[in-house]
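The chains referred to below are lettered A, B, ... by the order of the sequence lines, with proteins before strands, and numbering in each begins at 1. Keep in mind the model is a prediction, meaning the values are calculated, not measured. Reckoned from all heavy atoms, side chains included, excluding hydrogens, waters and symmetry mates.
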Amino acid sequence: MSDASTPVPGAPEGAHTFRSPPQQLKLPAVEHEILELWASRDIEGRSLRDQRKDGGQRPEFVFYDGPPFATGLPHYGHLLAGTIKDIVPRFWYMRGYRVQRRFGWDCHGLPIESLIENELGIHGKAAIEELGVPKFNAACRAGVLRFTQEWETVVRRMGRWVDFRNDYKTMDTSFMESVWWVFKSLWDKGLIYEGHRVQPVSPALGTPLSNFEVAQGPQEKDPVTRKEGHKRRQDPSLTVRFKLEDEQNAYLWAWTTTPWTLPSNLALAVHPEVTYVKVRVKATGEIAYLEPGRLAHYQERERIGETEELARLPGSELVGRPYEPLLPFFADYRTREDGTRWAFKVVSATYVTTDSGTGIVHQAPAFGEDDYNVGKENGLPLVNPLSLSGVFDESVGEFAGLFAKDADKKIVARLRSEQKVVDHDTIVHPYPHCYRTDQPLLYMALSTWFMKVEHLRERFVELNQKVHWVPEHVGSGRFGNWLANARDWNLSRNRFWGTPLPVWRCDKDPSDMVCIGSIAELEKLAGLQPGTVTDLHREHVDTITWASKAGGTMRRVKEVFDCWFESGSMPYAQNHYPFDEAQRSRVEQGLPADFIAEGLDQTRGWFYTLHVLSTALFDRPPFKNVIVNGLILAADGKKMSKRLKNYPDPNGVIDRYGADALRAYLINSQVVRAEPMRFGKHKKDTTGECVRDTVRLTILPLWNAYNFLVTYARADGWQPSKAALDVQPKADLDRWILSRVQSFLQEMIAEYEDYALSNLVPAYLRLCDDLNNWYIRRGRRRYWRKRGAAEDGLTPEQAEADKDDAYATLFRVLVTVSRAMAPVIPFFAEFLHQRLLVDTNLCDVEADEDSVHLMPFPEPSAELRDVALEQAVDSARQAVTLAMGLRERESIGVRRPLRSLTIAIEDTDLRAAVQTFEADILGELNVKTLKLSADDSELVTLTAKANFKALGRRLGKKMKVVAKAVAGLDAAAVATYAQTGSIELEGETLSGDDLRIDRAPKKGMVVASEGGITVALDTDISDELRHEGLAREVQNRVQNLRKTADLDVSQRIALFYRATGDLQKALARPELRAMVMGETLAEHMADLPDILPATAHRHSDKIDGDTIELAIVPQGAGTTEAAT
RNA sequence: CGGCCUGUAGCUCAGUUGGUGAGAGCACUCGUCUGAUAAGCGGGGGGUCGAAGGUUCAAAUCCUUCUAGGCCGACCA
């Protein structure tokens, strides 16, 4: 490869020398520099909008970004989702795809409407209409984007690349027109109908509430069950009697907690399979029907006197029996025109329970969902005398003008006077309340627009099976169940700030309706000049009318869309489909998207609406892969709460530790698999200490490795080159780390492609451990070898080549790792790329090599792989660990040299491979010689254990007996088995890995064994070894002295000492004396004089019972001539 | 009340299709440095795997019940 490339402007002049590394690593400062770099070189733009300098055409990886409400500030949940939404596109971009990432804003809906109502100081629909829709909507438009700047700041600071310039807003005319197109398409397919749905209504607001809003209502714990639920409220508990028309003096008893629904009673429901009882009340002689268990309940509470049982019958026998209307207002519905019975009869309903009331349920179809469904099944009429404000209209006589809840008392009074009340009590129960006004909600059937989805259920489920869910269970469980039980979608809202339903209807003939699918169509029908309509909000389109066939006027219906319908239309509407010709095929080819990611709470939200619309419109799933993230809780396990201040401010955490660390922390958790996560290191961590740990764990290891390379390369004059990136080193250590990096790449790619983000950081940490704690530590000497000198048994030429290989290998490793980690820690990866490649003029701007994020993701090379070598190092490191444990156990410090270490490994190839790392093992452990052996019988006692996994299935019940026999085998028998590989026990032939052989250290031996590797230390210490150990202790004390004296590492010294006993003997040995002097840079070593210069530093100590007194005096420039 | 998820070391969490010495990080403790990194490296202690039953030769793992928590939904007569 040639080094002739277009250098990056501003890169340091001259050759390929590394820039000196920063003195101190300040991550937030580094990140700010990187942000500036990205901006100044438009790197983000080149990636996002695919404006590469090389102009290459790339296949498209389609990502849909779900729009957040623009009315709140971003919190940790958004940062987490943003991180996921950044990592995945970055990876696929590096894999050679084009990945458009457009930010979206959800601009419509109740959150912003409520906010504006509060700010304008008005409440309720009536107030808004009084103010006027144009003014209200203008306020919404002006207010909805107030936080976009804050969002952009935080999102960018997190390192997320997403296009804010080319964003989409659900209030854009183009977006809204596409929503119309979506609706019109559904309309043309016959999937839209007008119907009723029982909805919670806030009478104070005069508007129905969404389930979402209901859930936002006041909550409290039930004092008995301690369960969180709706705020509790006291209501009447009224039992009334309905007179049967076909039997004398006989009544059906029914119970209600909402007397205001009684005027609208149209039926009574019984469970067809429940047994009811017919009784005579002794005191009054009346005959009553109800469920016997409930009767007993009333009698226990002494609400009813004694009764005489007359008969028992199943509910099905009551079905169809007529009764007199309780109140006269809707008595006309008693019979149909043809004379058949219509309302006021007993109907069958399986939802009826016998745990409250009477077992006979009052039915007011307009005021309960179950009632409504029962009414529909039985062809009952729908009567609703209530307005949205909960006020009765003229149809209910004396109750007209009363608020429903206020009418309760008057209704009860009238029923009481008519002898229709059996029992009147109160009940305290959880009941939904308005989240804004705190008033109890009323349920009532309202006219709404529906999309038919129930017939699509099966298709939903089929298409959903093609989706790769992370984690899998959300797709098959929660979401799958939801799809299988999907209900027709109520997609209209009686609100103001939203996309208006594009339905115009004749005010004379309501059946004359037209659905508009585009602006052009509207202009044409209304006779307007093309281009007249530029905005589709209510204040603009509600005034557009035209003459109808029936001589009336075509006016738009009042409703606007549920904002979920808009977000579900996002795949089409963000590109103004199908109106924008240029984008048409992209939209069609971009469905399903390759990837989306949102929180678990979107199961019923965006995931669902995307699914419904793409199935209905295109018969396709909307996305191929989805990552569902869980909820982030505060460190104390509670929800994050601004009030409790139980979590650290995100900006503060980023400013202190950097975005990379926060990203790595968030992603290194099962929260990316839909599980909840506690943001904190411990329960009281409210400062983000957990993120500091992540800096230490994930960034510093890489930083240290980089710092090592650059420091030595600069000192040594080594220069990186393009050739170094393809280095084929000879040394085993180098070949090993390159192989190890390949397996790391393979693992990373597999995890990225599987969207298993929580496995990325652990894989990377394992590599860092290998890199820092073995590769660099063991290879350290190679970097500071003098050039041109024969060392380590190598000729000067060999030593030179080996050293170059070492530099090149480490350089290559760091470059590769920075690319593999770029999606996860985009700042630090970029920092490395800039320092290693850009500043050294090794990048070609024309080939878009000036940012790590424009580079291709590194492919693992099979040629560099050497699995056996990787295993050998594993084993060597394991042997070292075992031996370290032995030293610890025997209290022999690493400074004390030992004569020999024995490693027993049965496998011949592995043993030979471990041998190649002999010097490393001995160096790590401070041992003189290594003995390798295939046979560990002198070191350990063999015991055997049955391999349950292998034998269990084969032996079944005999397993226990055999296992016991195996455990009873003596060492000799096990040894025989180890040789022959077979044994007869309890009539079974066991062979191969039917037995697992364990090694227990023999008594009196310094031996440890694990996983087929046995190590033994020779702890017999000769005088020679002991003296060397002592000399090293002295050496250690001198080094400590150097440090307390704050001497430069290259500062020469004069060393003086006075020692006793063996210490004296050790230091008298010439070779040890030379060692101490060499390692401590001592130019002189002599007995301690009586007088020392002022620059001397002193220390005395006791080592193994002998004493030593030390003094060091700095030598050379800047110091006076030391006493000699 | 229903659906889904969770309960493993002091804390945060791993533990594949059941296979028998239950792991990591942090914290604790002991040791270890001087030509990358003490914001480092290594050793160690610490858990009746939420509880109780059951299936099985074998259960942290499968089943049932209970219990605690989370998310979503239902909360009606």
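Within the nucleic acid shown, A:Asn1040 comes within 4.0 Å of at least one base atom, counting heavy atoms only. Nucleic acid contact for A:Thr256: sugar-phosphate only, since backbone atoms but no base atoms lie under 4.0 Å from a heavy atom of the residue. Backbone-only engagement by A:Thr257 is indicated by non-hydrogen atom pairs under 4.0 Å involving sugar-phosphate atoms exclusively. Residue A:Thr1080 is classed as having no contact, given no heavy-atom separation below 4.0 Å to the nucleic acid. No engagement by A:Arg692 is indicated, since no non-hydrogen atom pair under 4.0 Å with the nucleic acid exists.
Remark: the separation of the C1' atoms in B:rC13 and B:rA58 is 27 Å, to the nearest Å. Spacing of C1' atoms, B:rC26 relative to B:rU48, comes out at 25 Å, to the nearest Å. For the C1' atoms, the distance linking B:rU29 with B:rG21 amounts to 24 Å, nearest Å. When the C1' atom is compared between B:rC71 and B:rU56, the two are found 35 Å apart, to the nearest whole Å. A distance of about 22 Å separates the P atoms of B:rU16 and B:rA52, rounded to the whole Å. Rounded to whole Å, the P atom of B:rC28 lies 26 Å from the corresponding atom of B:rA22. As rounded to the nearest Å, B:rG46 and B:rG2 have P atoms that lie 43 Å from one another. Between B:rA24 and B:rG43, the two P atoms lie 10 Å apart (nearest whole Å).
When distances are taken from the side chain of A:Arg777 to each of B:rC76, B:rA36, B:rC26, the shortest belongs to B:rA36. Listed nucleotides B:rC75, B:rC4, B:rG25 differ in distance to A:Asn481; the shortest reach to its side chain belongs to B:rC4. Distance from the side chain of A:Met884 is smallest for B:rG42 among the nucleotides B:rC71, B:rG42, B:rC75. Of the candidates B:rC71, B:rC76, B:rC26, B:rC71 carries the atom nearest the A:Leu600 side chain, counting heavy atoms from C-beta on. The side chain of A:Asn1036 approaches B:rC33 more closely than any other nucleotide in the set B:rC33, B:rG42, B:rG73. Of the candidate nucleotides B:rG42, B:rA36, B:rA77, B:rA36 has the atom nearest to the side chain of A:Ile776. Taking the side chain of A:Arg895 as heavy atoms from C-beta on, and the options B:rC26, B:rC33, B:rC75, the nearest nucleotide is B:rC33.
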Atom pairs and distances, side-chain donor-acceptor, residues 252-259 of chain A, under 3.5 Å, sequence neighbours left out:
| residue | atom | partner | partner atom | Å |
| --- | --- | --- | --- | --- |
| A:Trp253 | NE1 | A:Glu286 | OE1 | 3.3 |
| A:Trp255 | NE1 | A:Ser237 | OG | 2.7 |
| A:Thr256 | OG1 | A:Thr258 | N | 2.9 |
| A:Thr256 | OG1 | A:Thr258 | OG1 | 3.2 |
| A:Thr258 | OG1 | A:Thr261 | OG1 | 3.1 |

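Within the 4.0 Å cut-off from OP1 or OP2 of B:rG31, not a single side-chain nitrogen or oxygen of A:Arg887 is found. The side chain of A:Arg696 contributes an N or O atom lying less than 4.0 Å from OP1 or OP2 of B:rC26.
Between the CD atom of A:Glu1033 and the P atom of B:rG31 there is a distance of 13 Å, rounded to whole Å. Rounded to an integer number of Å, the gap from CH2 of A:Trp606 to P of B:rC71 is 23 Å. Rounded to whole angstrom, the span from the CD1 atom of A:Ile699 across to the C1' atom of B:rG40 amounts to 17 Å. Taking atom CH2 of A:Trp774 as the reference point, atom P of B:rA36 lies 17 Å away to the nearest angstrom. With rounding to whole Å, A:Tyr608 atom OH is found 15 Å from B:rG3 atom C1'. The separation between A:Leu326 atom CG and B:rA77 atom C1' is 14 Å, rounded to whole Å. Between the CZ atom of A:Phe708 and the P atom of B:rU37 there is a distance of 10 Å, rounded to whole Å. Atoms CZ (A:Arg835) and P (B:rA36) sit 20 Å apart, rounded to a whole Å.
A 4.5 Å side-chain heavy-atom check between A:Asn629 and A:Met677 finds every atom pair outside the cut-off. Between A:Tyr783 and A:Lys803, the closest side-chain pair of non-hydrogen atoms is not below 4.5 Å. When side chains are defined from C-beta on, A:Trp260 counts as touching A:Leu442, because their heavy atoms get closer than 4.5 Å. Between A:Glu598 and A:Val628 there is no side-chain heavy-atom pair separated by less than 4.5 Å. No side-chain heavy atom of A:Val347 sits less than 4.5 Å from a side-chain heavy atom of A:Leu268. Taking the side chain as every heavy atom from C-beta outward, A:Phe367 and A:Asp371 never approach each other to under 4.5 Å. With a 4.5 Å cut-off on side-chain heavy atoms, A:Val710 and A:Ser20 do not count as touching.
Under the side-chain contact (heavy atoms from CB on, under 4.5 Å) criterion, A:Asn490 pairs with A:Arg197, A:Gln199, A:Thr448, A:Phe450, A:Ser492, A:Arg493, sequence neighbours left out. By the side-chain contact (heavy atoms from CB on, under 4.5 Å) test, A:Ala879 is found to be paired with A:Ile903, A:Ile1013, A:Val1015, residues two or more places apart in sequence or in another chain being considered. Considering only residues two or more places apart in sequence or on other chains, A:Phe828 meets the ring pair (Phe, Tyr, Trp, His ring centres under 6.0 Å) condition with A:Phe831.
Pairing each heavy atom of A:Pro701 with each of A:Asn772, the nearest pair is O-ND2, 3.1 Å.
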- Query: What string of B, S and - do you get for nucleotides 5-10 of chain B, 5' to 3', when a contact is any protein heavy atom under 4.0 Å?
  - Reply: S-----

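For the pair A:Glu1079 and A:Thr258, both in contact range of RNA chain B, the more 5′-proximal nearest nucleotide belongs to A:Glu1079. In terms of position along RNA chain B, the nucleotide closest to A:Gln1039 lies nearer the 5' end than the nucleotide closest to the other residue of the pair A:Gln1039 and A:Asn704.
Helical stems in RNA chain B, defined as runs of 3 or more consecutive Watson-Crick or G-U wobble pairs with both donor-acceptor distances under 3.5 Å, are listed by first residue as B:1-7 with B:67-73, B:10-13 with B:23-26, B:28-32 with B:40-44, B:50-54 with B:62-66.
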